[in-house]
Amino acid sequence: MKYITLRNGYQIPLLGYGTLQISFNQSEQCVDEALQEGYRLIDTAAAYFNEEGIGRAIRKSSVPREEIFLTSKVWIQDAGYENTYKAFENSLKKLNVDYIDLYLIHQPYGDYYGSWKAMEELYLQKKIKAIGVCNFSAERFVDLCMNSRIPPMINQIECHPFFQQKELRCTLHAYHCQPQAWGPLAEGQRQIFTNEILTKIGQKYHKSAAQIALGWLIQQNIIAIPKTIHRERMKENMDIWDFTLSKEDLEQIAQLNLGYSEIINHQSPMTAKWLNKYKIHE
Ligand code: NAP
């Protein structure tokens with residue numbers, strides 16, 4: 001496992017394990033297996049409804065807690081100063097841990113300034129080791145940086161060969177904010193696993209298209225958090241440290257960029273509406 005250092009000096013693995021759509025029942029076993037396969041970053045969220053199972057896997061694992069980098073996120077319904085405190089305590093309880101390594105604002109909607117103030121305080125109280133946001137566009141991100149004591153250390157954004165997010169990554173770089181890629185395998189869309197360019201490049205290094213997509217991220221120091229419920233794929237997604245893409249490979253992968261997301265458009269009013277309406281508790 002390779003690590004990268006965040007702006008505050010805290011170390012984070014460059015490859016992690018995503019848990020979106022891993023059910024409450026499956027999550028304990030999946031995270032247990034992921035830890036056995038060497039994953040040390042586990043990405044969850046209150047909105048994934050699997051924090052309890054993940055907490056159980058972490059507790060029963062032989063890997064010491066301090067070697068596991070645990071991420072959770074506050075949902076829009078819990079945006080705002082007081083609600084975020086409550087949501088954070090709730091996540092701690094469900095995960096059954098006494099700190100969270102990375103706490104993120106899940107969506108760029110609602111009273112996220114209030115949330116951020118609470119997260120800054122929790123960070124200063126050392127209940128969170130690093131704080132950040134998800135899905136923040138460049139201007140929202142800069143605005144938050146300009147109006148906060150502690151700027152976000154991470155922006156977790158959709159990023160993969162079909163949506164490369166170059167401009168946003170430039171802005172993040174200028175603010176020493178670490179990009180973390182969700183959907184690093186494009187959630188399987190556009191037949192990424194049989195994509196001609198990725199498969200052909202993979203043949204040179206004896207790697208699959210998925211491994212090339214993940215290698216493309218980590219080679220650029222973008223943290224990748226692929227999700228899989230299959231142990232063989234956990235292994236496959238981890239086996240990406242022994243090749244370096246050439247300049248020509250990178251040029252070919254650059255051609256795959258569509259420049260927009262086929263998964264979700266956070267700039268769309270419809271997205272703002274349905275995500276605000278999505279409730280995770282009473
Ligand atoms: P992803 O990791 O790009 O893709 C997951 C899909 O790829 C699953 O269908 C999985 O199927 C399949 N897969 C994984 N490895 C494979 C392999 N080697 N070969 C073939 N198929 C493979 O998508 P994601 O889950 O959306 O993103 C990853 C993580 O990012 C999430 O789990 C979550 O933790 C986080 N996330 C965050 C946000 C946010 O708003 N902050 C949004 C989305 C996701 P199987 O499980 O059947 O193997």
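When a ligand or atom number is given, it counts from 1 through the structure's own listing order.
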With a 4.0 angstrom cut-off on heavy atoms, strictly below it, pick out the residues next to ligand 1 and order them by chain and number. G18, T19, L20, D43, Y48, K73, H106, Q107, C134, N135, Q156, W182, G183, P184, L185, A186, E187, F193, A210, I225, P226, K227, T228, I229, H230, R233, E236, N237

side-chain hydrogen bond (donor to acceptor under 3.5 Å, both in side chains) between N147 and W116, intermediate numbers included: CA-CA 10 Å; N147 292 285; W116 192 254; over 6 Å; no

Please write out which residues are connected to L20 in a hydrophobic cluster, directly or through intermediates, given that two of Ile, Leu, Val, Met, Phe, Trp, Tyr count as joined at side-chain heavy-atom separations below 4.5 angstrom. Y48

Run the numbers on Y10 and I12 for side-chain contact (heavy atoms from CB on, under 4.5 Å), then give the verdict. CA-CA 7 Å; Y10 202 57; I12 178 169; 5.9 Å; no

Strictly below 4.0 Å, N to O, side chains only: are K73 and D78 in salt-bridge contact? no

Please determine if R56 and E52 form a salt bridge, counting it only when a charged side-chain N lies under 4.0 Å from a carboxylate O. no

Is E66 paired with K129 through a side-chain N to carboxylate O contact shorter than 4.0 Å? no

